[in-house]
Trainee: 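Structure provided below as structure tokens; questions to follow.
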Amino acid sequence: MAVEFSELLRRHRLEAGLTQAALAELAGISEQAVSLLERGTRRRPRAETIHAVSRALKLPPAAEQDLLASVRAPGVVPQKEPLASPAIPWELPQAVADFTARQGELDKVVGALAQADNLSVLLVITGMGGVGKTVLAVQAGHLMEDRFPDGQLYVALRGHDPGSALTSVEALGQLLRSLGVRHDAIPDGIDEMARLYRSRMAGRRMLVLLDDASSVDQVTPLLPGGNGSAAVITSRHFLSTLPGSRIVRLSTFSTSESLRLLSRVAGELRVNSEEAAAQTLSELTGGLPLALRLIGARMIARPNWPLQHFVDQLQDEHRRLDELGLGHSGVRATFASSLNELLISPRVADREAAVAFDLLSLVEGPEISADLVSRLLDVELRTAEGRLERLVDMHLLDSVSPQRYRMHDLLRAFADERLSTSERGAERRSAIERGLRYYLAAAWQAHHITYPSSPRQPSEELDLTGLPAFGNQVDALSWLDREYDSIVGLYKLASVLPGLAPRFGPSLALGLFGYLEIRSHYLRMRDIFDLALASGRPSDDLVTWGWLEHDRAVPDVEQGHLELARERLLRSLDHFEAAHHVPGIARCCSTLSHVCERLDQLDEAIEWGEHGLKLAHEAGDLDVLGTNHLALGVLYNRVGRTVEAAAAFKASFDLAEAAGNVRSLARRHRLVATSYLAAGSRDQGIEHLNVAIRLYNDLDDPSGLALAYLFLSRAEVDGRNYQQAERTAQEGLRLAKLHDDTYCQGWLLVNLAAIQDATARPTAARQARLQAIAIFEADGMTAVANGLRKGQAVTENAVGGR
């Protein structure tokens, strides 16, 4: 029995001691080609390919003849060589030598083309401009050329080249001439041309590559009719209405894929020597193959430049597109050709979608919500969604989920470039104002849920129409988790426009306070309150500035900057006293009491606490009154006044119960538990923790539960019940991860490390501690992270935080 070509090739390669990659390099063909030949996917390689492989393997003439004979074995139709049959068209462009990182997509295309023996295959490769559609199609076509012995046809439809796009008639004329029809024999009408084209294709096994199609109507007359042939269409449109078509959608490269492409283009040694800079290049190009190839070409042209210099050039968003090609083949021109299709469209909806594209540059978060876009555009939600979906159809935007979208960073830079011209300044400012009014009202709506008894008030009138519906705290927190980066990004854009920073900044920061405190996002809290404080002067609004200074002290406390926090609180107290704002004064006294306790200035702490309690009574502020009772109870516990501590705790509980504030009651039981645990009263601590856990379960509050489990796990460690302590900590960690509560994750990991140390598992303990350090550093808690590195005992402050 004759031996298959694939088996013969594999035997020779193994005997030569070569890998597939090594053989590909020696033969001057791609590694994918060698792989397909050995798998039998390519059953009839061309004679030139066999000769190149034989030469690379150093085969004697007889062995090369065996390889040639194996592709002409019985039952196998010999390939028609282009040199012997000059009428056969071989029109595919040259494949790129550095093709890489598309193995999964290449397998899909090759697998589809392999079915062309018995079917007429129709394949659409789609994706954004510059993502590598043509490169993939050409690569697959060359790998599968033996499946189409009657030739390959190629038409550059130029669908996104305004003024130069081929009509169906022009494309058919090109195809018919390639099939040997004389110019004077080509009929005039498109229907007659299409019938003649299908007739000429009948019985032939040919591959037709229709590159850069603009519409279904453009390509429909160009499709071969019979079985045995295949049409591959590349387009920035989905072309999903083409009957019987299969769609392969290309995404941008991951970091590892980007590095592989850069290595193939510019050299592996150079990329590996500056891997950190290369990874940054991947991020700055958004993994777009066209951008990566352009950067790789510049690296080749400038062999002595360090990669970091290219990074520095791309860091400037205003010149990034300039660095990625200025000509018609650059990234900017590629994007412009997609957008121009909308701008010159006769459909009003298309032109409106182009306007929406520009305004999307204002959204800096990882996702874009249709609700926000409706405000930016000042249109109804349904209208905004229609414009966004049109952009998705054009691959100018990605749909993440219903009404949520994502924009490529380079597309955002292109949109920002278009919107930032002087003549569009008023349009841009109005959109920013509308977006901030929406976010400001939503933040305060969430604040009333996360902190229902808060004495803070917005200084800007709120527009309450069309806000998201928050059924509970979890809904509010989840919404803010998704939108926070966009909120801050929009405010930063506003902060450089005259008048907008003082108008929105203070109210926005105070509205976000409840969310930031519950999530323990102290680094974020610090940054946004710094922006707010820089936007004006205390004389603008003493009460508002009093709250800004008070709340800005919270991240200082959590990061261990106690003296700075004390200075801020005293400034806050001055503002409140000047405004005769008793609730603010009382709250300042309570927080100063806590800071003095952290500084071990217990007498002064008690003095501030008792003064705050008196003021809270006078103001009738039951929430502050409860907080002061709680803080004083902790202080009394520390100095051994246990009877007074118990009375203060009970008063705090009674006030929360009378107000019907179950969330506050749960928090107070948890904080009282930590006070008892710190005082060595383990049983009392566990008793209050169990009450807190029950209440948090009733509230369906996973963040509260995670924190309660943290302290329960510590209590179990103190009782040397390590097995139960680990189970409790793992459950808390599961909840914290599920809801992205990094504060709890960090401290639970610290506790797990302590448990693992105590049970002689040093490797696991070290891993948990390293994870905790990374979390604390990311959250700006560097003092805690450094303490862990040094092996110091670290603990958060349970009363002053959450």
Trainee: Would you say CG of Leu14 has more than 12 non-hydrogen atoms from neighbouring residues, nucleotides or ligands within 6.0 angstrom?
Mentor: yes
Trainee: Considering all heavy atoms of both residues, which atom of Gly330 and which atom of Leu294 are nearest to each other, and what is their separation?
Mentor: CA-CD1, 4.2 Å
Trainee: If you look only at distance, which donor and acceptor atoms sit under 3.5 Å apart when one is on a side chain in residues 238-249 and the other is two or more places apart or in another chain?
Mentor:
from, atom 1, to, atom 2, distance (Å)
Ser245, OG, Leu242, O, 2.9
Arg246, NH2, Gln115, OE1, 2.9
Arg249, NH2, Asp398, OD1, 2.6

Trainee: Evaluate the side-chain hydrogen bond (donor to acceptor under 3.5 Å, both in side chains) criterion for residues Arg236 and Ser338: first the C-alpha distance (whole Å), next the side-chain angles of each, then the deciding distance (0.1 Å), finally the verdict.
Mentor: CA-CA 8 Å; Arg236 299 181 199 181; Ser338 293; 2.5 Å; yes
Trainee: Applying side chain to side chain contact (heavy atoms under 4.5 Å, CB included), name anything that partners Ser399, two or more places apart in sequence or on another chain.
Mentor: Glu389, Val392, Tyr405
Trainee: Val232 and side chain to side chain contact (heavy atoms under 4.5 Å, CB included): which single residue from Val208, Leu210, Leu207 fits?
Mentor: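 The single option meeting the side chain to side chain contact (heavy atoms under 4.5 Å, CB included) with Val232 is Leu207.
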Trainee: Got a sec, which residues hit side-chain hydrogen bond (donor to acceptor under 3.5 Å, both in side chains) with Glu91, two or more places apart in sequence or on another chain?
Mentor: Ser178
Trainee: Does His237 have its ring centroid less than 6.0 Å away from the ring centroid of His160?
Mentor: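 So the answer is yes for these two rings.
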Trainee: Determine which pairs satisfy side-chain hydrogen bond (donor to acceptor under 3.5 Å, both in side chains) with at least one residue from residues 283-297, sequence neighbours left out, and list them in order.
Mentor: Asp98-Arg293
Trainee: Quick one: ring pair (Phe, Tyr, Trp, His ring centres under 6.0 Å) partners of Phe310, sequence neighbours excluded?
Mentor: Trp305
Trainee: Can you see which heavy atom on Asn227 is nearest to which on Ser120, and at what distance?
Mentor: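 Closest pair (atom of Asn227, atom of Ser120, distance): OD1-N, 3.3 Å.
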Trainee: Do the side chains of Leu339 and Arg418 get nearer than 4.5 Å, heavy atoms only?
Mentor: yes
Trainee: Nearest 0.5 Å, please: how far is CE in Met144 from CG in Leu106?
Mentor: 10.0 Å
Trainee: Go through Met394 and Phe357 one step at a time and tell me if the side chain to side chain contact (heavy atoms under 4.5 Å, CB included) criterion holds.
Mentor: CA-CA 11 Å; Met394 295 288 296; Phe357 172 82; over 6 Å; no
Trainee: Specify the closest pair of heavy atoms between Leu397 and Ile368, including all atoms of both residues, with the distance to one decimal.
Mentor: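 Looking at all heavy atoms of both residues, the shortest contact is CD1-CD1, 4.2 Å.
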Trainee: Please report the C-alpha distance between Asp211 and Thr234 in whole Å, then the side-chain angles of each, then the deciding distance to 0.1 Å, and finally whether the side-chain hydrogen bond (donor to acceptor under 3.5 Å, both in side chains) criterion is met.
Mentor: CA-CA 5 Å; Asp211 193 20; Thr234 70; 2.5 Å; yes
Trainee: Assess whether side chain to side chain contact (heavy atoms under 4.5 Å, CB included) is satisfied between Val109 and Leu143, documenting all intermediate values.
Mentor: CA-CA 10 Å; Val109 177; Leu143 289 175; over 6 Å; no
Trainee: Determine the minimum heavy-atom distance between Ala165 and Gly159, stating which atoms define it.
Mentor: CB-CA, 4.1 Å
Trainee: With the threshold set at 4.0 Å, does a side-chain nitrogen-carboxylate oxygen contact exist between Glu105 and Arg102?
Mentor: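 Between Arg102 and Glu105 there is a salt bridge, with a charged N closer than 4.0 Å to a carboxylate O.
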Trainee: Does Glu268, at its CD atom, have more than 12 non-hydrogen atoms belonging to other residues, nucleotides or ligands within less than 6.0 Å?
Mentor: no
Trainee: Any donor-acceptor pair under 3.5 Å linking the side-chain atoms of Glu38 with those of Gln20?
Mentor: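 There is such a pair (donor and acceptor under 3.5 Å, judged by atom type) between the side chains of Gln20 and Glu38.
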Trainee: Within a strict 4.5 Å, meaning less than it, do heavy atoms of the Ile125 and Leu250 side chains meet?
Mentor: yes
Trainee: Quick one: side chain to side chain contact (heavy atoms under 4.5 Å, CB included) partners of Ala278, sequence neighbours excluded?
Mentor: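 In terms of side chain to side chain contact (heavy atoms under 4.5 Å, CB included), with neighbours along the sequence ignored, Ala278 is linked to Leu259, Val271, Leu307.
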Trainee: If the condition is side chain to side chain contact (heavy atoms under 4.5 Å, CB included), which residues does Ala63 pass it with, not counting sequence neighbours?
Mentor: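 Testing Ala63 for side chain to side chain contact (heavy atoms under 4.5 Å, CB included), a comparison that skips the adjacent residues, returns His12, Leu59, Pro60.
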Trainee: Heavy atoms only: give me the nearest Leu292-Ser258 pair and the separation to one decimal.
Mentor: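 Answer, listing the atom of Leu292 first, then Ser258: CD1-OG, 3.5 Å.
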Trainee: Test: salt bridge (charged side-chain N to carboxylate O under 4.0 Å, His left out). Region: residues 323-336. Which pairs qualify, not counting sequence neighbours?
Mentor: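 Salt bridge (charged side-chain N to carboxylate O under 4.0 Å, His left out) check on residues 323-336 returns Arg298-Glu323, Arg319-Glu323, Asp322-Arg332, Arg332-Glu417.
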Trainee: Is it true that Arg11 and Glu7 make a salt bridge, defined as a side-chain N closer than 4.0 Å to a carboxylate O?
Mentor: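 Yes, Arg11 and Glu7 are salt-bridged.
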Trainee: Leu175 versus Val155: any side-chain heavy-atom pair under 4.5 Å?
Mentor: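 Yes, side chains in contact.
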Trainee: Please list every donor-acceptor pair under 3.5 Å in which a side-chain atom of residues 180-196 meets a protein atom from a residue at least two apart or in another chain.
Mentor:
from, atom 1, to, atom 2, distance (Å)
Arg182, NE, Asp184, OD1, 3.1

Trainee: May I ask you to decide if Glu170's main-chain N or O and Thr167's side chain share a donor-acceptor pair within less than 3.5 Å?
Mentor: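 Yes, because the side chain of Thr167 sits within donor-acceptor range (under 3.5 Å) of the backbone of Glu170.
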Trainee: For Ile50 and Val53, what are the C-alpha separation, side-chain angles and deciding distance, and is it a side chain to side chain contact (heavy atoms under 4.5 Å, CB included)?
Mentor: CA-CA 5 Å; Ile50 295 174; Val53 169; 5.9 Å; no
Trainee: Can you run down the salt bridge (charged side-chain N to carboxylate O under 4.0 Å, His left out) pairs that involve residues 57-68, sequence neighbours left out, and say none if there aren't any?
Mentor: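 Qualifying pairs, neighbours excluded: none.
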Trainee: Using the side chain to side chain contact (heavy atoms under 4.5 Å, CB included) rule, take Val311 and Gln308 through it: C-alpha gap first, then chi angles, then the decisive distance, then the call.
Mentor: CA-CA 5 Å; Val311 170; Gln308 185 59 45; 3.6 Å; yes
Trainee: By ring pair (Phe, Tyr, Trp, His ring centres under 6.0 Å), which residues pair with Tyr154, not counting sequence neighbours?
Mentor: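 Expected list: none.
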Trainee: Does the side chain of Leu288 come within less than 4.5 Å of His408's, by heavy atoms?
Mentor: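 Side chain of His408 against side chain of Leu288, heavy atoms only: contact under 4.5 Å found.
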Trainee: Count the heavy atoms belonging to other residues, nucleotides or ligands that lie under 6.0 Å from CZ of Arg10, then report whether that count exceeds 12.
Mentor: no
Trainee: Not counting sequence neighbours, which residues clear side chain to side chain contact (heavy atoms under 4.5 Å, CB included) with Ser214? List them please.
Mentor: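 Listed in chain order: Gln218.
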Trainee: Using modelled atom types only, decide if a donor and an acceptor are shared between the side chain of Arg55 and the backbone of Leu26 within a distance under 3.5 Å.
Mentor: no
Trainee: Quick one: does any side-chain atom of Asp350 pair with a main-chain N or O of Leu342 as donor and acceptor, under 3.5 Å?
Mentor: no
Trainee: Strictly distance-based, threshold 3.5 Å: is any side-chain N or O of Ser361 a donor or acceptor partner for the main-chain N or O of Phe414?
Mentor: no
Trainee: Spell out, as yes or no, whether a donor-acceptor pair under 3.5 Å connects the side chain of Gln174 to the backbone of Ala171.
Mentor: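 Flag not set: sc Gln174 to bb Ala171 has no pair under 3.5 Å.
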Trainee: Less than 4.5 Å apart, side chain to side chain, heavy atoms only: is that true for Glu352 and Val355?
Mentor: no
Trainee: Could you tell me which non-hydrogen atom of Phe99 sits nearest to which non-hydrogen atom of Arg264, and how far apart they are?
Mentor: O-NH1, 3.3 Å
